Protein chains: 2
Amino acid sequence: MSRRDDGARVAATIGELLLRGNRSHLYRVLIADTEGVDETTYPVLSGLARLGTATTSELAARIGFERTVTTRYATRLEHAGLLARRPHPTDSRATALALTDLGERTVRAMRERLQDVFVDAMADWTADESATFTRLFDRLVAGIAAPQTAPSSRPSSP
Amino acid sequence: MSRRDDGARVAATIGELLLRGNRSHLYRVLIADTEGVDETTYPVLSGLARLGTATTSELAARIGFERTVTTRYATRLEHAGLLARRPHPTDSRATALALTDLGERTVRAMRERLQDVFVDAMADWTADESATFTRLFDRLVAGIAAPQTAPSSRPSSP
DNA sequence: TATTGTTATACTCTATAACTATA
DNA sequence: TATAGTTATAGAGTATAACAATA
């Protein structure tokens with residue numbers, strides 16, 4: 001097996017993983033019966049969990065969504081009681097977003113459910129295989145990730 | 001690092017990979033300036049390349065799309081000259097789908113472009129790392145893949 | 001009656017523009 | 001004038017139903 005063969009195989013495997021059917025399957029596991037979260041709002045929930053507190057713009061940049069989408073999905077999560085909006089302490093144009101306690105608990109439960117999928121799938125690997133794969137997978141995804149330019153919807157200027 | 005830690009890290013990495021921003025980035029590389037193919041029609045093109053010749057239903061099952069979606073996207077590819085419809089030799093209800101020469105050449109070029117992304121990203125790995133990762137990644141994705149039930153749009157029956 | 005392929009409809013997501021308020 | 005947040009509008013994708021033709 002040459003390096004190019006490996007690259008082709010990895011490309012094919014990634015392609016399969018990205019197929020909607022498989023993506024949705026993973027998201028179904030993740031979502032399960034969680035109220036108020038779906039495939040589209042989860043990144044907002046998860047991203048905010050990582051950031052702790054953030055403005056809409058910061059969160060949008062973190063997860064690669066537009067501000068307009070982020071604010072809309074944040075509203076949905078707010079209605080579901082998972083997210084709270086507060087006035088920003090120093091900039092009164094901005095909004096401080098944070099998860100509620102329910103939101104924190106929800107995202108934790110969801111992550112554990114997803115984690116279990118992979119723990120199960122890797123259960124019969126050796127400890128060395130598991131560690132090596134995890135390390136290399138991080139490296140690979142970091143290496144191919146999109147430049148983290150958030151598509152900020154320019155109001156109008158040319 | 002425990003097994004559960006590895007599972008959590010892999011889950012997080014997969015989550016990042018599935019984010020729309022990164023997905024679209026990969027698809028942009030794949031598509032480049034290819035005429036008539038986009039993020040939604042590519043799976044049809046690629047799936048048909050693997051099957052050689054197939055009916056609409058067979059192709060739909062392979063790529064996990066509905067028949068209705070598959071037929072619509074096949075029409076787009078047909079208009080772009082990448083795919084041809086022929087009458088099925090034995091079942092005159094069915095249609096035999098196949099790529100045209102242009103379609104074959106197109107999918108080959110696209111695959112090579114995607115392959116290059118991964119070859120580059122893995123360029124500084126050892127040969128052993130590359131081989132091990134490739135093998136395990138196949139195994140992982142096979143292990144978490146959705147049961148390949150094509151969501152066949154039941155006409156009406158309860 | 002069931003299946004194949006297709007088209008038609010309603011619904012959701014996504015992208016762009018437009019608006020208000022504050023820096 | 002530029003930025004933060006939001007809402008409104010138009011376009012694209014997706015899912016469900018409905019249809020004609022053949023098995």
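Heavy atoms only: backbone and side chains are in, while hydrogens, waters and symmetry mates are out. This one's a predicted model, so the numbers in the text were calculated from it and none came from an experiment. In what follows, every chain begins at residue 1, and chains take the letters A, B, ... in the order their sequences are listed.
For residues 32-41 of chain B, the set of pairs meeting the side-chain hydrogen bond (donor to acceptor under 3.5 Å, both in side chains) definition, not counting sequence neighbours, comprises Thr34(B)-Arg113(B), Asp38(B)-Thr40(B), Asp38(B)-Thr41(B). Every pair tested for ring-ring contact (aromatic ring centres under 6.0 Å, His included) that includes a residue from residues 2-36 of chain A fails, sequence neighbours excluded, so the list is empty.
Scanning for ring pair (Phe, Tyr, Trp, His ring centres under 6.0 Å) contacts around Phe137(A) gives Phe133(A), Phe137(B), with sequence neighbours left out. Scored by the salt bridge (charged side-chain N to carboxylate O under 4.0 Å, His left out) test, Glu58(A) finds no partners at all (sequence neighbours excluded). With sequence neighbours left out, the side chain to side chain donor-acceptor pair (under 3.5 Å) criterion links Thr126(B) to no other residue. Under the salt bridge (charged side-chain N to carboxylate O under 4.0 Å, His left out) criterion, Asp124(A) pairs with Arg139(B), sequence neighbours left out. For Thr56(B), there are no side chain to side chain donor-acceptor pair (under 3.5 Å) partners two or more places apart in sequence or in a different chain.
One can place CZ of Phe65(A) at 17 Å from C1' of dT16(C), the figure rounded to the nearest angstrom. If you take CG of Leu97(A) and C1' of dA4(D), they are 11 Å apart, rounded to a whole angstrom. Here the C1' atom of nucleotide dT7(D) and the CD atom of Glu78(A) are 15 Å apart, to the nearest Å. Nucleotide dT7(D) holds its P atom 15 Å from the OH atom of Tyr73(A), rounded to whole Å. The NE2 atom of His88(B) sits 13 Å away from the P atom of dT6(C) (whole-angstrom rounding).
Side-chain contact between Leu17(B) and Leu17(A) is present, with heavy atoms from C-beta onward closer than 4.5 Å.
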What side-chain donor-acceptor pairs closer than 3.5 Å can you find for residues 42-50 of chain A, not counting sequence neighbours?
from	atom 1	to	atom 2	distance (Å)
Ser46(A)	OG	Arg111(A)	NH2	3.1

Pairwise N/O distances under 3.5 Å, protein to nucleotides 21-23 of chain D:
from	atom 1	to	atom 2	distance (Å)
dT22(D)	O3'	Ser92(B)	OG	2.9
dA23(D)	OP1	Ser92(B)	N	3.2
dA23(D)	OP1	Ser92(B)	OG	2.5
dA23(D)	O4'	Arg93(B)	NE	3.4

Distances for protein N/O vs nucleotides 7-12 of chain C N/O pairs under 3.5 angstrom?
none

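Neither OP1 nor OP2 of dG5(D) sits under 4.0 Å from any side-chain N or O of Arg85(A).
Non-hydrogen atoms lying under 4.0 Å from DNA chain C are contributed by nothing in residues 23-44 of chain B. Near DNA chain C, defined here as any heavy-atom distance below 4.0 Å, the residues from residues 50-59 of chain B are Thr55(B), Thr56(B), Ser57(B), listed numerically.
Using a cut-off of 4.0 Å between Lys/Arg side-chain N and Asp/Glu carboxylate O, Arg135(B) and Glu129(A) are scored as salt-bridged.
Each of Ala94(A) and Arg20(A) lies near DNA chain D, and the nucleotide nearest Ala94(A) is the one positioned closer to the 5' end.
Put simply, the side chain of Arg3(A) gets close to the backbone of Trp125(B): a donor and an acceptor are under 3.5 Å apart. Without hydrogens or angle criteria, Thr71(B) side chain to Arg67(B) main chain gives no donor-acceptor distance under 3.5 Å.
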